[in-house]
Amino acid sequence: MNRGRLPADISSRHKKIALELGFSSMDVAESYGGLALRTVDQVAVWEQLGRVTNALCWCFSEPHQWMFEACSEAQIKQYVLPLMDGSRKECYAITEAESGSDVVINTTAERCEGGYRINGEKWYVTSANHADYFFLQARLTGSAHAGTDALFFLDMETEGIEVVCTPLFSHTFDHHHPTLRFNNTFIPAANLIGSEGDGMGFTHSWFRRERLMIAARNCGAGARLIEAATEFAKNRRVGGETLMDKQLVQAMLADCVTELWAARLITFEAAAAHDRGEDIKTLHTRCSMAKLYASEAAGRIADRVLQIFGGRGYMRENCAERFSRELRVDRIWEGASEIQRLIIARALAKRGLEEM
Ligand SMILES: Cc1cc2nc3c(=O)[nH]c(=O)nc-3n(C[C@H](O)[C@H](O)[C@H](O)COP(=O)(O)OP(=O)(O)OC[C@H]3O[C@@H](n4cnc5c(N)ncnc54)[C@H](O)[C@@H]3O)c2cc1C
């Protein structure tokens with residue numbers, strides 16, 4: 001079995017350091033005790049966090065700004081702020097067997113006395129093995145807004161939640177991605193986030209944030225890989241000269257550095273657009289462009305760097321081997337590359353190049 005497990009003392013040590021450094025309060029207003037950092041500064045932090053493998057940087061959770069706009073004061077107190085002090089952990093359940101790229105949700109939330117009954121199955125629920133509550137997206141039935149989506153808080157300990165399976169994936173993170181089934185699971189009405197029908201809008205807010213920070217982490221991973229390959233190429237001698245002296249290796253490193261800079265510029269400019277308060281549609285497209293380019297560039301960088309390391313690069317102890325497996329999913333989750341391309345092309349068709 002290749003199931004990832006981190007010793008508890010290591011993960012709690014990492015978490016303590018992350019909380020002390022304020023990583024979990026970067027996107028929180030000062031009125032709630034947060035740091036209210038600019039998006040550019042947050043991207044700079046996530047870029048550095050992207051240098052680590054094995055998802056070690058997932059040791060903390062962080063409230064996003066949109067959560068404070070979406071949630072009631074009671075929900076902020078019960079669910080959102082405890083992410084900041086590390087006392088609670090969330091997971092986000094949208095994807096289902098039929099819906100990934102396709103956003104048609106089949107899990108139902110049926111209105112009942114005092115709340116909703118949830119029935120359906122959610123796939124790939126990242127961190128569900130550590131989380132104590134879900135953000136859960138479901139399609140409403142039996143109410144005035146039947147057919148639209150809603151987002152809920154759902155406590156993990158609620159009756160009627162079943163772990164169907166915990167598949168193995170290419171990476172071996174301590175955070176697993178199980179499939180969960182909800183059998184008539186009750187959610188109190190107070191746990192509805194925003195209003196009925198708001199679900200997809202909040203999920204888009206989640207996507208924008210995650211896509212931007214995936215791009216930032218990809219930049220950090222790319223930088224670490226290039227540094228490792230440069231150091232190796234300067235010292236490894238083959239045929240009487242270093243790898244760095246060989247022009248084919250130089251070409252690979254030059255392409256890596258050029259793509260890294262392009263990824264950084266696109267990502268930091270998308271962050272700056274947030275700080276300038278640009279239109280939400282523009283921000284949505286910019287986040288897609290950043291994730292698309294940075295994740296694809298990081299994949300190419302990891303592949304070239306592994307090649308430069310030769311057999312050593314294929315060893316599990318080498319960061320190029322680990323990143324080759326771990327970066328791959330960044331082209332799939334939070335909207336696969338093809339979906340990002342569709343978002344960008346649709347924005348071009350609707351609003352034109354100047355408005356993107
Ligand atoms: C490790 C892991 C963790 C995840 N964590 C979470 C999580 O925490 N919460 C959550 O809700 N989801 C999670 N996901 C789900 C993830 O967001 C989806 O896998 C992703 O959106 C793609 O959906 P899909 O797998 O159903 O692929 P599909 O939708 O079946 O797509 C398959 C392929 O077809 C392509 N495709 C689809 N439509 C088009 C089109 N119109 N044109 C061209 N190509 C197209 C896609 O790009 C993809 O390459 C996770 C996935 C993985 C692998």
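Every heavy atom of this structure was used, including side-chain atoms; hydrogens, water molecules and symmetry mates were not. Order of listing sets the numbers, starting from 1, for every ligand and every atom in it. Remember, predicted model here, so these are calculated numbers, not experimental data.
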Q: Would Phe169 count as being in polar contact with ligand 1, using the rule that some N or O on each side must be under 3.5 angstrom apart?
A: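 For ligand 1, there is no N or O atom that lies under 3.5 Å from one belonging to Phe169.
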Q: How about atom 32 (C) of ligand 1: does it have a protein heavy atom within less than 4.0 Å?
A: no
Q: Specify the protein heavy atom at minimum distance from atom 26 (O) of ligand 1: its residue, its atom name, and the distance to 0.1 Å.
A: Gly100 CA, 3.3 Å
Q: Just to confirm, does any protein heavy atom lie below 4.0 Å from atom 9 (N) of ligand 1?
A: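 Within 4.0 Å of atom 9 (N) of ligand 1, protein heavy atoms are found.
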Q: Hey, is ligand 1 close enough to Trp123 that some N/O pair sits below 3.5 Å?
A: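 Such a contact does not occur with ligand 1.
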Q: Atoms of ligand 1 less than 4.0 Å from Thr126 heavy atoms?
A: 3 (C), 4 (C), 5 (N), 6 (C), 7 (C), 8 (O)
Q: Out of all atoms in ligand 1, which are within 4.0 Å of some heavy atom of Glu334? Include the element for each.
A: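 Once the distances to Glu334 are compared, the set is 17 (O).
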Q: Would you say that Phe134 contacts Ile118 through its side chain, given a criterion of any heavy-atom pair below 4.5 Å between the two side chains?
A: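 Of all side-chain heavy-atom pairs linking Ile118 with Phe134, none is under 4.5 Å.
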Q: For ligand 1, which atoms, with element, lie under 4.0 Å from some heavy atom of Leu342?
A: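 So the atoms of ligand 1 that pass are 40 (C), 41 (N).
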Q: Would Val43 and Trp46 satisfy side chain to side chain contact (heavy atoms under 4.5 Å, CB included), going step by step from the backbone distance to the final call?
A: CA-CA 5 Å; Val43 160; Trp46 276 108; 5.8 Å; no
Q: Protein non-hydrogen atoms only, distance under 4.0 Å: does atom 23 (O) of ligand 1 have such a neighbour?
A: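 Yes, there is a protein heavy atom closer to it than 4.0 Å.
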Q: Which residue and atom name correspond to the protein heavy atom nearest atom 39 (C) of ligand 1, and how close is it?
A: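 Result for atom 39 (C) of ligand 1: Ile339 CD1, 4.0 Å.
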Q: Trp333 versus ligand 1: do any nitrogen or oxygen atoms come within less than 3.5 Å of each other?
A: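 Such a contact does not occur with ligand 1.
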Q: Can you tell me which residue and heavy atom of the protein come closest to atom 12 (N) of ligand 1, and the distance to 0.1 Å?
A: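 Ranked first by proximity to atom 12 (N) of ligand 1 is Thr95 OG1, 2.6 Å.
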Q: Quick one: pull up CD in Glu47 and CZ in Arg217 and give me the separation to the nearest 0.5 Å.
A: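 Here the interatomic distance stands at 12.5 Å.
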Q: Counting only nitrogen or oxygen atoms and a 3.5 angstrom limit, does His177 reach ligand 1?
A: no
Q: Based purely on interatomic distance, does Tyr124 place a nitrogen or oxygen under 3.5 Å from a nitrogen or oxygen of ligand 1?
A: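 Yes, since at least one N or O of Tyr124 sits under 3.5 Å from an N or O of ligand 1.
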Q: Fit a plane to each ring of Tyr133 and Tyr79, take the angle between them on a 0 to 90° scale, and name the class: parallel (under 30°), tilted (30 to 60°) or perpendicular (over 60°).
A: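 Ring orientation of Tyr133 relative to Tyr79: perpendicular.
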Q: Using only heavy-atom distances, determine whether the side chains of His177 and Thr126 contain a donor-acceptor pair under 3.5 Å.
A: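 A pair is found: one side chain offers a donor N or O, the other an acceptor, under 3.5 Å apart.
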Q: Taking side chain as C-beta onward, heavy atoms only, is Tyr293 less than 4.5 Å from Leu265?
A: no
Q: Report the nearest protein non-hydrogen atom to atom 28 (P) of ligand 1: residue, atom name, distance rounded to 0.1 Å.
A: Ser101 OG, 3.6 Å
Q: Please list, in number order, the atoms of ligand 1 under 4.0 Å from a heavy atom of Val329.
A: 1 (C), 53 (C)
Q: Tell me: protein heavy atom nearest atom 20 (C) of ligand 1, and distance?
A: Ile332 O, 3.4 Å
Q: Is there a side-chain contact between Asn119 and Glu110 (heavy atoms, below 4.5 Å)?
A: no
Q: For residues Glu196 and Tyr116, is any side-chain donor paired with an opposing acceptor at under 3.5 Å?
A: yes
Q: For ligand 1, which is the ligand I care about here, please tell me if Glu338 has any N or O atom under 3.5 Å from one of the ligand's N or O atoms.
A: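 Yes - when backbone and side-chain N and O of Glu338 are compared with those of ligand 1, one distance drops under 3.5 Å.
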Q: Could you tell me whether Tyr92 and ligand 1 have an N or O pair separated by under 3.5 Å?
A: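 For ligand 1, there is an N or O atom that lies under 3.5 Å from one belonging to Tyr92.
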Q: Is a side-chain N or O of Thr285 found less than 3.5 angstrom from the main chain of Lys281, in a donor-acceptor match?
A: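 At least one qualifying donor-acceptor pair exists.
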Q: Check the side chains of Arg208 and His284 for a donor-acceptor pair under 3.5 angstrom, ignoring hydrogens and angles.
A: yes
Q: Can you confirm whether the side chains of Glu259 and Trp261 place a donor and an acceptor under 3.5 Å from each other?
A: no
Q: Answer yes or no for Arg236 and Phe232: cation-pi contact, defined as NZ/CZ to six-membered ring centre under 6.0 Å and angle to ring axis within 45°.
A: no
